[in-house]
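Nothing fancy with the numbering, it's 1 onward along the sequence.
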Amino acid sequence: CMGRYAAVPSSLAPLSAEDLAAFAFVNEAVLSPDGVRVAYAVRRMDLPANRYRAALWVSTLDGSPAERWTDGGAEDAAPRWSPDGNRIAFISDRGVAPEGKTRAPKNVFIVDGPGAEPRQVASFADDCGDLVWLPNGSAVIVAVKDAAPPRAPDAPKVYDRIRYKSDEGGILDLRRKHLWLVPLRSADGQPRRLTDGDWDDAQPSISPDGALLAFTSNRTADRDRNTVSDIWTVPLAGGTPKRVTTGGGQYTNASWSPDGAAIACLGTADAVGGGARNTRVWRFARDGGAGRDLLGDWDRTTGSRVMSDVRGETAAFPPVWTRDGRVLFIGSDQGAANLHSCRADGGDVRAETIGAHQLAAATVDREARRVAGVIATATSPGEVVAGQLGGPMRAITGLNRELLDARYIAEPEHVQFTGADGWAIEGWILKPRGFDPAKRWPLVLEIHGGPHGAYGYSFFHESVSYTHLTLPTILR
């Protein structure tokens with residue numbers, strides 16, 4: 001049954017489990033406001049310490065050598081350029097680990113350039129996340145868990161909510177997460193909590209005039225039994241939060257229009273089974289009301305939904321408004337993920353990047369004319385790329401080139417099956433080293449994918465490793 005495939009050479013060494021420790025991982029690339037430089041964190045394993053470490057690097061788009069902005073002694077992540085493009089805020093676990101902990105909490109730091117010593121601007125007792133700058137550069141906003149209540153070390157843990165565990169998060173401690181404003185100068189005061197209540201608040205987005213904060217939250221009465229999420233706004237100076245979306249859908253990742261009159265977001269109109277449905281781009285007036293699905297009859301999903309085992313779940317790329325009346329978003333189609341756009345009033349969906357790859361993350365410059373991101377392929381776990389919007393993307397890094405050039409990495413071949421009700425089901429076959437089509441071979445069949453995700457053109461170390469065992473592998 002394998003006779004139609006050509007022979008595969010076997011001169012290169014196979015990829016091994018031990019090679020995982022030699023990989024460099026990059027999960028996001030952040031373009032500077034002027035579109036000249038791109039910042040990214042390079043993450044590597046430290047096996048003796050049983051942890052990861054990461055340093056921040058900055059590359060220019062003209063091909064000049066990259067500069068390292070932090071030393072990589074801790075795990076520095078989530079670089080965010082200041083509005084003027086002169087500094088980078090980031091999250092790091094650098095510092096002394098509290099008693100009973102293996103590392104310091106991930107707090108906010110600012111670094112002014114290569115060789116400069118990062119300075120800590122927040123000292124929360126728990127990890128910070130969802131880092132964004134205020135438009136005037138005076139402060140940042142982060143999401144942080146509420147403080148832990150006093151508890152005896154031997155006291156039993158009591159769970160009184162249905163949602164007490166999650167994938168990757170494990171057993172939860174049931175503390176809520178809220179948004180905080182962190183001034184960068186001590187003269188401007190101490191960190192101030194912007195949201196509170198018995199719910200989680202995340203994904204902050206600041207209006208262009210800096211007056212309103214949009215965020216994602218499920219504040220429904222039955223929130224522990226549903227998957228609703230809404231876009232809310234609250235005045236940055238303080239006030240009562242206001243719901244923008246419908247209260248019955250699953251809406252996330254708010255993005256303000258340039259004039260601040262509208263909010264684009266990702267979501268589904270019905271929260272029931274929302275994770276298994278195509279996620280759309282929606283537009284709402286800032287004061288709420290009926291939303292508009294901007295994608296029309298485009299029968300695909302937003303987000304980078306291609307699975308990989310060398311990175312966690314990819315954070316969603318919020319919609320981005322362009323100056324010429326369009327909205328950018330990442331969409332997934334037939335095992336690939338690329339940048340797309342639609343008109344800001346709906347329709348005319350088109351691809352802005354094309355290729356058999358996974359665009360795992362992306363950002364644009366202030367004018368939304370240049371784009372940078374991370375592209376993974378079936379034979380590479382991910383590299384930083386950049387280019388003009390609508391044009392070709394150029395590789396900025398080659399972090400794993402030396403290792404991959406020295407290993408046999410099976411290039412997947414696309415195949416198609418006829419499934420139930422005549423549906424066309426896609427798959428990929430990876431052939432082992434020394435494959436001989438004249439012989440019969442045992443076969444590994446990996447069944448996964450939709451409706452929550454899909455195999456495709458992204459790196460999957462497990463499947464590549466099967467080919468080391470001289471086993472053809474089909475992903476479907």
Side-chain angles (χ1 to χ4, degrees), residues 78 80 83 89 91 106 108 122 124 126-136 138-146 163 166 169 175-183 191-221 223-224 226-257 260-268 271 274 279 281-289 291 302-303 315-321 327 329 363:
R80 299 291 183 264
I91 302 294
K106 296 180 180 180
V108 183
F124 292 103
D126 285 284
D127 292 349
C128 298
D130 291 359
L131 174 65
V132 297
W133 284 83
L134 260 61
N136 63 9
S138 66
V140 296
I141 291 175
V142 292
V144 186
K145 281 184 178 180
D146 292 342
R163 296 179 182 273
S166 70
R175 289 184 289 152
R176 295 300 192 181
K177 184 178 289 187
H178 293 105
L179 302 177
W180 288 71
L181 182 134
V182 180
R192 173 170 59 91
R193 189 159 71 173
L194 300 173
T195 65
D196 57 16
D198 185 24
W199 36 65
D200 296 308
D201 303 321
Q203 300 175 344
S205 178
I206 310 297
S207 61
D209 62 4
L212 281 177
L213 170 66
F215 60 95
T216 301
S217 187
N218 181 357
R219 301 190 173 199
T220 61
R223 53 190 169 275
D224 207 38
N226 64 42
T227 57
V228 169
S229 58
D230 282 300
I231 305 300
W232 292 72
T233 61
V234 67
L236 209 61
T240 302
K242 181 175 183 178
R243 178 167 53 81
V244 175
T245 49
T246 63
Q250 203 171 52
Y251 301 99
T252 63
N253 298 97
S255 174
W256 292 87
S257 62
I263 293 174
C265 62
L266 307 178
T268 58
T279 302
V281 179
W282 292 81
R283 175 176 177 160
F284 290 86
R286 63 182 287 172
D287 293 325
T302 65
F317 171 64
V320 174
W321 302 72
V327 174
F329 62 95
T363 58

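With values rounded to the nearest 0.5 angstrom, F124 atom CZ is found 16.0 Å from K106 atom NZ. Separating the CZ atom in R192 from the CH2 atom in W180 is a distance of 10.5 Å, to the nearest 0.5 Å. The distance from atom CG of N218 to atom CG of N226, rounded to the nearest 0.5 Å, is 5.0 Å. The OG1 atom of T233 sits 11.5 Å away from atom CD1 of I206, with the distance rounded to the nearest 0.5 Å. Remark: D224 CG to R163 CZ distance equals 6.0 Å, nearest 0.5 Å. Atom CZ of residue F215 and atom CG of residue D230 lie 10.0 Å apart, to the nearest 0.5 angstrom.
When every heavy atom of C128 is checked against every heavy atom of V144, the shortest pair comes out as SG-CG2, 3.9 Å. Residues L266 and P319 share a closest heavy-atom pair of CD2-CG, 3.7 Å. Among all heavy-atom pairs drawn from A262 and W321, the shortest one is CB-CH2, 4.0 Å. Contact detail for I231 and T216: the closest heavy-atom pair is CD1-OG1, 3.7 Å. Of all heavy-atom pairs between P204 and V132, the closest is O-CG1, 3.7 Å. Taking every heavy atom of both residues into account, D198 and R223 meet most closely at O-NE, 2.7 Å.
Within the 4.5 Å cutoff, no side-chain heavy atoms of T240 are placed close to those of V234. R286 places a side-chain heavy atom less than 4.5 Å from the side chain of L212.
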Point to revise | Working for side-chain contact (heavy atoms from CB on, under 4.5 Å), residues R283 and V327 | key: CA-CA 10 Å; R283 175 176 177 160; V327 174; over 6 Å; no

Practice task
Under the side-chain contact (heavy atoms from CB on, under 4.5 Å) rule, what do W282 and T245 come out as? Steps first, then yes or no, please.
Solution key: CA-CA 10 Å; W282 292 81; T245 49; over 6 Å; no

Using the rule given for salt bridge (Lys or Arg N to Asp or Glu O under 4.0 Å), can you reason through K177 versus D130, listing the C-alpha separation, both sets of side-chain angles and the distance that settles it, and then say yes or no?
CA-CA 11 Å; K177 184 178 289 187; D130 291 359; over 6 Å; no

Might you work through the side-chain contact (heavy atoms from CB on, under 4.5 Å) test for L134 and L181, ending with a clear yes or no? CA-CA 9 Å; L134 260 61; L181 182 134; 4.0 Å; yes

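Only one option out of D200, D146, D201 pairs with R176 in a salt bridge (charged side-chain N to carboxylate O under 4.0 Å, His left out); it is D200.
When atom types are taken as modelled, the side chain of T302 and the backbone of T279 share a donor-acceptor pair closer than 3.5 angstrom. The main-chain N or O of T227 is found under 3.5 Å from a side-chain atom of Q250 such that the two form a donor-acceptor pair.
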